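Following: one structure in structure tokens, then a few remarks.
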Amino acid sequence: MASERLNLRRILPRWRAAALFAVIFLGLTVVLVRDTELQWWQAHDLRAQGRMRYLQTRPLPADRGVIYGNNGEALAVNVPAVTIWADPRIFNAQRKVWGRVARTLDISLKTLTARVQSAGSGFAYILRQGQPQLGTALNALQIPGIYVQRTSRTYYPLGAVTTPLLGLVHLDHQGAAGLEMGYNAWLAGKAGREKVLVDGQGEVLRVLGARQAPVPGHDLHLTINPQIQYWAYMTLLAAQKHFGATDGSAVVMNVRTGQILAMASVPSCNPNARGDCGDPADYVNNAVHQAFEPGSVMKPFMVAAALETNSVQPDQRFNVSHCLPVGGFCIRDDVIHHELNVAHILKYSSDIGAAKIALRTPAQAIYDMYLAAGFGAEPDLGFAGGTSGVLPPPQTWDKARHATIALGYGVSVTTLQLAEGYAAIANGGYHVTPVLVSGQSTQRVRIMPADVAAHLRHWLEGVCAASGTGILAAIPGYAVAGKTGTANMANGKDGFLKNKTNATFVGFAPGFAPQLVMAVSLRGSTRYWNFGGVESAPVFRVTMRHALEGLNIAPRWCGGKACVSKDKHITATQAEIWAEGGGN
């Protein structure tokens, strides 16, 4: 047996030893070559990748400027929030706990997966501007690769009351609409950054010296009175719902300084509720972005032009018992009258009388008065895309347009323009440029003689008295002056819709010494008595009463107590009758 084993060893081939030696030598050569490649050829790239993994530059978010009302109350503030982000290179290895992460953040696993996979290789946003408690709950899980960064988000204390005015901000804290967008360069801060050293799990080991501190944005102080803004919005919203209006807006302004105390729009949305402002129509500022045919609220400016050019006299009377043929169409009144003077033409909103006055007045004079009052001019308040409306040049007016433009047809205006136009009547004939940011100066330009403005103030008080079209705007104890306007909406086929209107009221108070003016418009109304005197005048009454009381503007005194309107027992039916079918 021993000899057989010896013979077996002898017959083993010698090349096997050579082959084993060759394999060992080749392996050592490969290791040596790879080591040489890593140490020399790829050293720079590997060091760079190492720095990328362990030396990171992280952003330091900057607070956005605060927006304040005129009483110091904040309208847009910064509140604590968290941003959740992940490093997919690390987080992908933790797939077994992704379900727990999704439940903690109150999102679906599908959403979490999509956000991780749709981002870059080293950074993925999971949740932005989330509630701080979400960050606390996530940190408690101690899952590698997903991180919580403290930041802030914008919170609007008045919610939907101010959304169309203030606008919105994107998730990156940049303005998306309204004043937030118009003043973004002023409000937005400048983000900082810092370099940090992290471990293999992405946790910060040390903050390095290279740090750029964030620069917060500037605050913005508005002339808006939060209380008046609240009442303007709430009453406007109630009227919109009651009359089925598509949209509407209201502006309250100081007649002498031009300061805007309220600018409300409907519809609106609550920007504090995630996903509530998905429809762009909910944050459009209709007061400056929506132009409409205003109807009879344009008549006082036509009358001002007529008086200034001596085309008519203040006590002149007109026969309005028959329709007035103009351009193949007969202008009529809702209620038949026989003979009216200028004051009663405004009080009863006689289209026949207004057209007769307009046709006696040069077209250029009417146009110049409209232009001087602010119609046809874009607003300069910081809103992007504000409209100027439509004011055709007088060279294009034929006889029909000459008459109907005086009635508020063939011209389109905004609610803001109506407020600034009527402010000139209230303050004695001066156009004042509207102001929305505290500290900005206004310009005063006389656009009508003082005596003309005085006549109009007195006549417009009659509009809000018994049998006037604006009786529903009357405020007990205060003299109120104003004008109603109702215009059927165009159907796009050279005609008008019979059941949809632009309902408008513009007024000022107190009538004997006006301080505040308010314009209200509701578009697309379809229900009930959808006229300016019934639909928009009550919005004025409720808001203006709260504004006067809030600003301590005293009523008239009769003996030892405030005067009480003689018309306090007016029934709704009587008011509708006196409003000439609603007040056109």
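Note that the structure is a prediction, hence the values are computed from the model and not measured.
- Note on residues 238-262: pairs passing ring pair (Phe, Tyr, Trp, His ring centres under 6.0 Å), not counting sequence neighbours, are His242-Tyr528.
- Taking the side chain as every heavy atom from C-beta outward, Leu75 and Leu222 approach each other to under 4.5 Å.
- Here ring pair (Phe, Tyr, Trp, His ring centres under 6.0 Å) pairs that include residues 356-398, with residues two or more places apart or in two chains, are Phe301-Phe375, Trp397-His402.
- Taking every heavy atom of both residues into account, Leu187 and Leu220 meet most closely at CD2-CB, 3.8 Å.
- Side chains of Val542 and Met234 form no contact here, defined as non-hydrogen atoms less than 4.5 Å apart.
- For the residue pair Lys347 / Thr469, no side-chain donor-acceptor distance below 3.5 Å is found, with atom types taken as modelled.
- Residues in residues 383-407 take part in no salt bridge (Lys or Arg N to Asp or Glu O under 4.0 Å) pair, two or more places apart or across chains.
- Counting only residues at least two apart or in different chains, side chain to side chain donor-acceptor pair (under 3.5 Å) contacts with residues 445-457 comprise Tyr430-Arg446.
- When only modelled atom types and interatomic distance are considered, Ser349 and Ser296 share a side-chain donor-acceptor pair under 3.5 Å.
- With hydrogens and angles left out, the side-chain atoms of Ser412 and Glu293 include no donor and acceptor closer than 3.5 Å.
- Under 3.5 Å, the side chains of Ser521 and Ser249 contain a donor-acceptor pair of N or O atoms.
- The side-chain heavy atoms of Leu407 and Ile331, taken from C-beta on, include a pair separated by under 4.5 Å.
- Residues Thr223 and Asn70 have side chains that never bring a donor and an acceptor to within less than 3.5 angstrom of each other.
- For the pair Cys277 and Leu168, the minimum side-chain heavy-atom distance is below 4.5 Å.
- Judged by distance alone, the side chains of Thr433 and Thr442 do bring a donor and an acceptor atom under 3.5 Å apart.
- Side-chain contact between Leu522 and Leu236 is present, with at least one heavy-atom pair separated by less than 4.5 Å.
- Under the salt bridge (Lys or Arg N to Asp or Glu O under 4.0 Å) criterion, the residue pairs touching residues 229-250 are Asp247-Arg523, with sequence neighbours excluded.
- Screening residues 356-366 for side chain to side chain donor-acceptor pair (under 3.5 Å), with sequence neighbours left out, gives Gln364-Asp368.
- Between the side chains of His431 and Glu420, at least one donor N or O sits under 3.5 Å from an acceptor N or O.
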